[in-house]
Amino acid sequence: MPEELTSPAPARENLLAGLLPAVVAYADTHGDHDPALLFPEEQGVIAQAAPGRRAEFATGRVCARQAMADLGIPPSALLPGARNAPQWPRGVLGSITHCRGYRAAAAARSGDVEVLGIDAEPHLPLPRAVLSTIASQVEQLHLASLAALDCHTHWDRLLFCVKEATYKAWFPRTGRWLGFRDAHVVVQPAGSFSVRLLPGPRLNGVRLQGFTGRWAVREGIVIAAVTATASPIPHNQTISQGLGTAL
């Protein structure tokens, strides 16, 4: 009998597709890679960790090197630095994220973007105690208004995801802690958001008022991707209004 032919499985779309500018390269996976693929110095960092942690660490680094390869950047070890943030090669900005069943990384040349941060979370409700910690009263009212429009999206989890992505974008460029209440978020239901920093730092002499980005819920995962828009503001202007003025 002739061999039965089957159609190949359709290629799975990267969950970050459409969320980042064209100058940003990215890679993702739903599985894990062998920690043996790590550089020796990376293996030394993670040698004493639990097997699950070693797997997610390795997979995040593999995704990161795939993204760098798309930029024409040779592979290199990405060792943890301050607050365990990956140390990217000179001239590269990047971000790694992982949650249950998903790992991803994004990278860009530092001359093409000001900052870059991604985060992925399970699309599940956020515990109420956590929400009250990360969200201002104004943000909680904002989430309620979004829930009235769409009760299927877990807006609280999305807010957490956006703030995590914001921190990942912020810390490598500033080296400073950013609290949840220091970033005020406005989410647009169509898939975008803005973040106002209180107050914004200066990068290359320019006041960074905030970040913009895009979000999506795909395959049970909520994803937020942050990029920066930098613009000068008068020296005597303070960024103290927060989210309330943007609603």
Side-chain angles (χ1 to χ4, degrees), residues 13-21 24 95 97-102 104 106 113-171 177-201 207-231 233 237-247:
E13 183 182 36
N14 189 301
L15 299 193
L16 284 165
L19 301 185
L20 289 160
V24 179
S95 184
T97 187
H98 45 75
C99 67
R100 182 182 295 273
Y102 184 71
V113 295
E114 291 283 357
V115 297
L116 174 61
I118 62 171
D119 191 64
E121 303 286 338
H123 187 226
L124 298 170
L126 198 67
R128 185 174 297 274
V130 175
L131 179 62
S132 63
T133 300
I134 70 163
S136 68
Q137 288 294 323
V138 176
E139 286 174 316
Q140 291 182 50
L141 290 173
H142 179 45
L143 295 182
S145 68
L146 291 168
L149 297 173
D150 174 6
C151 63
H152 300 293
T153 299
H154 298 301
W155 300 103
D156 49 358
R157 182 70 67 166
L158 173 59
L159 179 71
F160 179 84
C161 188
V162 169
K163 294 200 175 193
E164 286 287 301
T166 296
Y167 178 77
K168 292 179 181 181
W170 159 281
F171 184 77
W177 175 256
L178 183 73
F180 283 112
R181 298 296 185 93
D182 297 327
H184 290 259
V185 176
V186 177
V187 175
Q188 301 299 330
S192 64
F193 59 82
S194 59
V195 182
R196 182 174 286 269
L197 303 172
L198 306 176
R207 177 76 77 185
L208 187 63
Q209 300 184 69
F211 301 153
T212 59
R214 298 195 61 79
W215 65 272
V217 177
R218 296 168 176 167
E219 300 183 24
I221 305 293
V222 57
I223 310 166
V226 169
T227 50
T229 54
S231 58
I233 61 174
Q237 181 176 345
T238 59
I239 307 175
S240 59
Q241 296 92 346
L243 181 64
T245 60
L247 289 177

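These numbers come from a predicted model, not from an experiment.
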Under 4.5 Å between any side-chain heavy atoms of Val138 and His184, yes or no?
no
Can you measure from CG (Leu15) to OH (Tyr102) and round to the nearest 0.5 angstrom?
4.0 Å
Exercise: identify the closest heavy-atom pair between Cys99 and Ala120:
CB-O, 3.6 Å
What distance do Phe211 atom CZ and Arg196 atom CZ have between them, rounded to the nearest 0.5 Å?
13.0 Å
Could you tell me whether a side-chain N or O of Ser132 sits under 3.5 Å from a main-chain N or O of Ala129, the two making a donor and an acceptor?
yes
Nearest 0.5 Å please: distance from the OG atom of Ser95 over to the CZ atom of Phe171.
13.0 Å
Would one find more than 12 heavy atoms of other residues, nucleotides or ligands at under 6.0 Å from atom CZ of Arg181?
yes
Indicate yes or no: at least one non-hydrogen side-chain atom of Ser194 is less than 4.5 angstrom from one of Val185.
no
Find out whether Leu16 and Ile223 are in side-chain contact, i.e. whether some heavy atom of one side chain is under 4.5 Å from a heavy atom of the other.
yes
Quick one: CD1 on Ile118 to CG on Leu116, what's the gap to the nearest 0.5 Å?
7.0 Å
Is the backbone N or O of Gln188 less than 3.5 Å from a side-chain atom of Ser192, with the two atoms forming a donor-acceptor pair by type?
no
Without swapping roles, check the side chain of Trp215 against the backbone of Pro189 for a donor-acceptor pair under 3.5 Å.
no
Atom pair CZ/CD1 of Arg218 and Ile221 - distance to nearest 0.5 Å:
12.0 Å
Can you give me the closest heavy-atom contact between Ala183 and Leu178, atom names plus distance?
CB-CD2, 4.3 Å
Looking at side-chain heavy atoms only, is the closest gap between Val187 and Leu158 below 4.5 Å?
yes
Tightest non-hydrogen contact, residues Val217 and His123, listed as CG1-ND1, 3.5 Å
List the steps and the verdict of salt bridge (Lys or Arg N to Asp or Glu O under 4.0 Å) for Lys163 and Glu139.
CA-CA 12 Å; Lys163 294 200 175 193; Glu139 286 174 316; 2.9 Å; yes
If you apply the rule side chain to side chain contact (heavy atoms under 4.5 Å, CB included), what do you find for Leu20 with Arg214, and how did you get there?
CA-CA 7 Å; Leu20 289 160; Arg214 298 195 61 79; over 6 Å; no
Those residues that, when tested against Asp156, pass salt bridge (charged side-chain N to carboxylate O under 4.0 Å, His left out) (two or more places apart)
none
Run the side chain to side chain contact (heavy atoms under 4.5 Å, CB included) test against Arg157 and tell me which residues pass, sequence neighbours left out.
Glu121, Leu124, Leu126, Pro127, His154, Val222
Here the gap from Tyr167 atom OH to Asp119 atom CG, rounded to the nearest 0.5 Å, amounts to 13.0 Å
Do Leu159 and Phe193 have side chains that approach each other closer than 4.5 Å (heavy atoms only, starting at C-beta)?
no
For a 4.5 angstrom cut-off between non-hydrogen side-chain atoms, does Val226 reach Trp170?
no
